[in-house]
Structures are given as structure tokens and as C-alpha cells.
Amino acid sequence: MDDDALAFAGIAEQAHLLRERHVSSRELVDVYLDRIARLDPQLNAFREVFGARARAEARAADERIAAGETAPLLGVPVAFKDELEIEGHVTRHGTDAYDDPAAADSEHVRRIRAAGAVTLGVTNLPELAICGFTETEATGDTRNPWDLRRTPGGSSGGSGAAVAAGLVGAASASDGAGSIRIPAALCGLVGLLPQRGRISLMPEAEHWYGMSRTGCLTRRVVDTALWLDVAAGPAAGDAHTPPPLVGGTYVRAATTPPAPLRIGTSVTAPRALLPPVVDPAVEGAVTTVGAVLTGLGHTVVERTPDYGQVGNDVVALYLRGIRAHHDTVPHPDRLEPRTQGFARLGRAIPDRLLRGALARQASHTERINRVFDDVDVLVTPVTGTPPVEVGRWAGAGALRTALGMSRVYPFTATWNYTGQPAIAVPVSTNDAGLPLSVMLVGPPDREDLLLSLAGQLEAALDWPEHRPPMS
């Protein structure tokens, strides 16, 4: 296998190749460090690359493999979004407002490293993970390998650009209003929003009042499933603890096609701050997927959930969550004016509105999820448009930015509020060669169902064979 094929093989295949000793961890790390040196100056996906550390960890992994040890990710290089704590590393959250190194790994990092993964570096994000694009004063603009003039999305934009360009096989991501699924859609990747609490956020019990979840970005469904098998499970102090998967693994689900399903499709977005913009090519991707799923033996009908006024409460939690994070920053004076503006918007949300948004969560969720009385899975767009140009909101204040993002990213945040899983799956490209994706939404706790259907769809479309021009 040549170096390019290795770079794009994905973490499941890389783990297999390492176990069979067809490749060494040192070789994999060198492949990625070379690609980062060549390509990342244009992409700006990484905030920091751990070259010497990664090579040392790779040498240790190779020794363990030679001694007959096994672990799910032993020797596989990965990257972490620069919001997860890595012992001895200053976690900066897309800012220059943090100085102190972490005393210990976060629970998510600990589990991935305990599975044998090699830490390649940390990826860029917008300040405090607020925005659906990755452009900061601290680190500059992160760009999309499918078109360097366009954004890879956010807030996990660095992870998305890195995985899409073959700079790493998988990278952690997080999602408080779409920040796994948006970069997945804009970069042609798989991005699963797990069930609330599926992967521990410790040392935080929860984030953004339960809106935020953590996961990964990958090129293949099986790679996301492998990451989830390793990272899922409760930790002491978690605010939310969903029931565990029973009777199998997520990898098994991802590689086992589902029985015939009832599938609903909808291109109607929940009510946003301003009317959403839905590109005809985005609507066409949903139609195309409906036809493919029909051909695979599923029953496909049009169904739109009763979203009601859920958008009001989504906005309240989003803005108050930003305020809560802002108030813990050790040097808030170093934050950008737009970030300070988002915090002011959060302060404008009174406590009674916050309490109401939390109190109405159960009733909104019950009403919206009645759609699953009629269908097993819902298919919608992920974003309203393909990736917008870098700098679309450059110089804009918080309110203007929030209003603009609400128009092009109207589909994702509802499912953060309800707590259930959803997955972005790439399906095609538009006339300009930019990725088009759909979002599969499932009932609570059914990541296994979504991974199974996503794996079947991926096999039918053979999307992973597509690579961006800059690769």
C-alpha cells in the first residue's frame, strides 16, 4: 500500500494493518507528519503538531505490537480538537486566553489513548467553539481542502480539514449546535452526534446546559463506530448516563445492514432566527438518498416533525451556554470582540428564560419524536448550503454572525436540544465539486441503527473513494 493509500485508509484498516504487521506505527506517523508539513501551511488545520512526542509514542507502540500486545487503536495516529485536556498541554479552546497546562487527560482523551492511539497533535477551532466556521485572531483561517476559498465549517473545522485532506485518519470533534455534523457535511466526512452522555465530557459534568456532546470525524462509518466503541461509557460525575448498547458493538452495527426500515425525508427546517436558505442541490441530495434507500428495500415517505417553537429554547441554551463558558475563561480580556459580544447576548437571556428552556425540554422532545411513531429514521439536510466562502462573517458582530449562521445551519441544533443521536453522511458533490451530505436522525439511544443504515448507504454510494483536490 502506498503512502497516499495509507493516509486515507481510515483508523479501522490502519489498526488491522498494524496488528498484521503490514505497516509500523512509525511509518504511519511519518506519512502523516510529511503530509502535514506539505499541506497544512495552506489548510491551517492544526494548532500544534506533536512531532517528537508522536514518534516516541509510535516507537513504544511498535514495541508493544512486537511483544504480542493488542489494543483496539494500538499504534494508530489520531488528533484531538484543542478543547480536550491533554496532560501537560495548554488547552486553548481556539483562543490565547489560557496559560496553564492540563494536570491530566480528559476522560475522552484518556480512553482513546488507553486503546493505544498515538497523539499526533491538536486541531483548530473558533473561539470557545461558538461558530460554524473556523477563523480566529489567535490562529488565522482554517480552509476546506475541497476548495481553499471556502470554510471547512466549525466548530470542529480543524479536525474536519485534517481528516478530509488525509493529514490524520480520525480526529476528535464536539457538537453543541452542529459542530460535528457541519464540518462533516462541508468536508465530505462521517460525523456522528452521539446520544447525550454517550461519551463522557469529564472533567465537565455537562457543557452548554446539556447541548454539547463529543465524538469524532472520520472518512468511513466503521471508523466512527470503532472510535465510539472505545470512547463510549459513563464516568463518575457525568450529568447524563444513557443505557449501554446491548448485544454487540458499534463496529458490528456499522458493518451489518439493517432490516427494511420505514424512512422519512424532510427538507423543512425548524423555525430559525431568520428564514433558512436551502440550496436546491442540498434538497436534491435528500431526494437522491431517498431513491437509493428505496432501491435498498426500505420504505421512504415524506415526514416532517412537529418542531413547534423549539427554536426559541435552543437559542436560549446556546447563548447562555456561551456565557457560562466565557465566565470560566482565565483571561477573558484576551478574547475577540465577537466572542465578548456572544457573551453579552447570553447575559441578555434572563434566568427565567433559561429555566423555561430547560423545563420545556421534555415536552418539546416528546412532540418532535412522535415522528418516530411513523418512521424508524428521519433524513434531512445537514446544512442549508454547501460551504460558504472564508471570511463570510469577517468583522461581523455577534448578533449579525448568529443571524447569518442561523440561515445556513438551520437543521442541526434541534437534536442537540432533544439529546438523541444524528449522523452526517456524505453522498455526492454539487456542480462545483463541493461535498453534499444528508443527516440521519434516529430515536433516542439508537446510534447502532444509524451506524447500520449509514454503513449500508456508504457501501451503496462508495463515497470514501472520493478525495478532495488538495490531497
Side-chain angles (χ1 to χ4, degrees), residues 180-181 184-185 188-195 218-225 228 245-270 278 280-307 368-383 411-412 414-415 418 420-430 435-466:
I180 292 173
R181 291 157 292 159
L189 301 174
V190 176
L192 173 69
L193 174 74
Q195 178 71 27
T218 71
R219 288 180 55 79
R220 291 171 176 79
V221 175
V222 70
D223 297 328
T224 288
L228 190 60
L245 177 66
V246 176
T249 66
Y250 291 112
V251 165
R252 180 178 177 183
T255 54
T256 304
L261 300 172
R262 302 166 300 162
I263 296 173
T265 64
S266 175
V267 295
T268 301
V278 183
V282 170
E283 293 186 351
V286 173
T287 302
T288 296
V289 166
V292 171
L293 293 173
T294 299
L296 292 170
H298 304 292
T299 300
V300 179
V301 296
E302 291 185 10
R303 287 288 186 278
T304 296
D306 181 4
Y307 293 116
I368 291 168
N369 278 344
R370 287 178 199 152
V371 72
F372 296 107
D373 294 341
D374 299 325
V375 299
D376 300 303
V377 173
L378 179 68
V379 180
T380 78
V382 185
T383 64
F411 292 96
T412 52
T414 293
W415 310 110
T418 62
Q420 64 211 78
I423 187 170
V425 184
V427 296
S428 61
T429 58
N430 69 359
L436 295 170
S437 294
V438 298
M439 180 165 56
L440 314 180
V441 184
D445 304 313
R446 292 306 311 271
E447 294 101 323
D448 60 323
L449 177 62
L450 294 183
L451 290 165
S452 177
L453 183 61
Q456 184 186 42
L457 187 59
E458 178 181 89
L461 297 171
D462 201 25
W463 172 262
E465 294 308 309
H466 294 74

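Position 1 is the first residue of the sequence, and the numbers go up from there. Because the structure is predicted, anything quoted here is derived from the model rather than measured.
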- Query: Is there a donor-acceptor contact under 3.5 Å from the side chain of Arg181 to the main chain of Thr412?
  - Reply: yes
- Query: Should Pro381 and Val286 count as side-chain neighbours, where that means a heavy-atom distance under 4.5 Å?
  - Reply: yes
- Message: Could you check whether any side-chain heavy atom of Val282 comes within less than 4.5 Å of a side-chain heavy atom of Phe411, counting everything from C-beta outward?
- Response: no
- Query: With a 4.5 Å heavy-atom cut-off, do Pro194 and Pro421 have their side chains touching?
  - Reply: no
- Query: Nearest heavy-atom pair of Thr414 and Pro270: which atoms, and what distance?
  - Reply: OG1-CG, 3.3 Å
- Item | Non-hydrogen side-chain atoms of Leu261 and Leu449 separated by less than 4.5 Å | yes
- Do you see a donor-acceptor pair shorter than 3.5 Å between the side chains of Thr218 and Thr224? yes
- Query: Quick one: which of Thr287, Val427, Leu457 gives a side-chain contact (heavy atoms from CB on, under 4.5 Å) with Val292?
  - Reply: Leu457
- Message: For residues 288-300, which residue pairs pass the side-chain hydrogen bond (donor to acceptor under 3.5 Å, both in side chains) check, not counting sequence neighbours?
- Response: His298-Gln456
- Taking every heavy atom of Asn430 against every heavy atom of Ala281, the minimum-distance pair comes out as CB-CB, 4.2 Å
- Message: Tell me which pairs pass salt bridge (charged side-chain N to carboxylate O under 4.0 Å, His left out) where either residue lies in residues 251-264, with sequence neighbours left out.
- Response: Arg262-Asp376
- Nearest heavy-atom neighbours spanning Thr304 and Ser266: OG1-OG, 2.7 Å
- Query: Can Leu228 and Leu245 be said to form a side chain to side chain contact (heavy atoms under 4.5 Å, CB included), step by step?
  - Reply: CA-CA 11 Å; Leu228 190 60; Leu245 177 66; over 6 Å; no
- Determine whether Gln420 and Phe372 make a side-chain contact, defined as any pair of heavy atoms from C-beta on separated by less than 4.5 Å. yes
- Query: Just by distance, do the side chain of Glu447 and the backbone of Gln195 share a donor-acceptor pair under 3.5 Å?
  - Reply: yes
- Note on the structure: Correct closest heavy-atom pair for Arg220 and Glu458 would be CA-OE2, 3.3 Å
- Item | Under 3.5 Å donor-acceptor, Ser452 side chain and Thr256 backbone | yes
- Could you tell me whether the side chain of Ile423 reaches within less than 4.5 Å of the side chain of Val190, counting heavy atoms only? yes
- Decide yes or no for Val289 and Val425: does some side-chain heavy atom of the first lie under 4.5 Å from some side-chain heavy atom of the second? no
- Note on the structure: Heavy-atom nearest pair, Thr418 first then Ile368, reads CG2-CD1, 4.2 Å
- ring pair (Phe, Tyr, Trp, His ring centres under 6.0 Å) pairs touching residues 445-466, sequence neighbours excluded, are Trp146-Trp463, Trp463-His466
- Query: More than 12 foreign heavy atoms under 6.0 Å from CD of Glu283: is that the case here?
  - Reply: yes
- Evaluate the side chain to side chain contact (heavy atoms under 4.5 Å, CB included) criterion for residues Thr265 and Arg303: first the C-alpha distance (whole Å), next the side-chain angles of each, then the deciding distance (0.1 Å), finally the verdict. CA-CA 6 Å; Thr265 64; Arg303 287 288 186 278; over 6 Å; no
- Query: Is the shortest heavy-atom distance from the side chain of Leu440 to the side chain of Ile263 under 4.5 Å?
  - Reply: no
- Taking all atoms of both residues into account, what is the closest heavy-atom pair of Leu378 and Pro305, and its distance? CD2-CG, 3.6 Å
- Gap between atom OG1 of Thr380 and atom CH2 of Trp415 - 0.5 Å precision: 7.5 Å
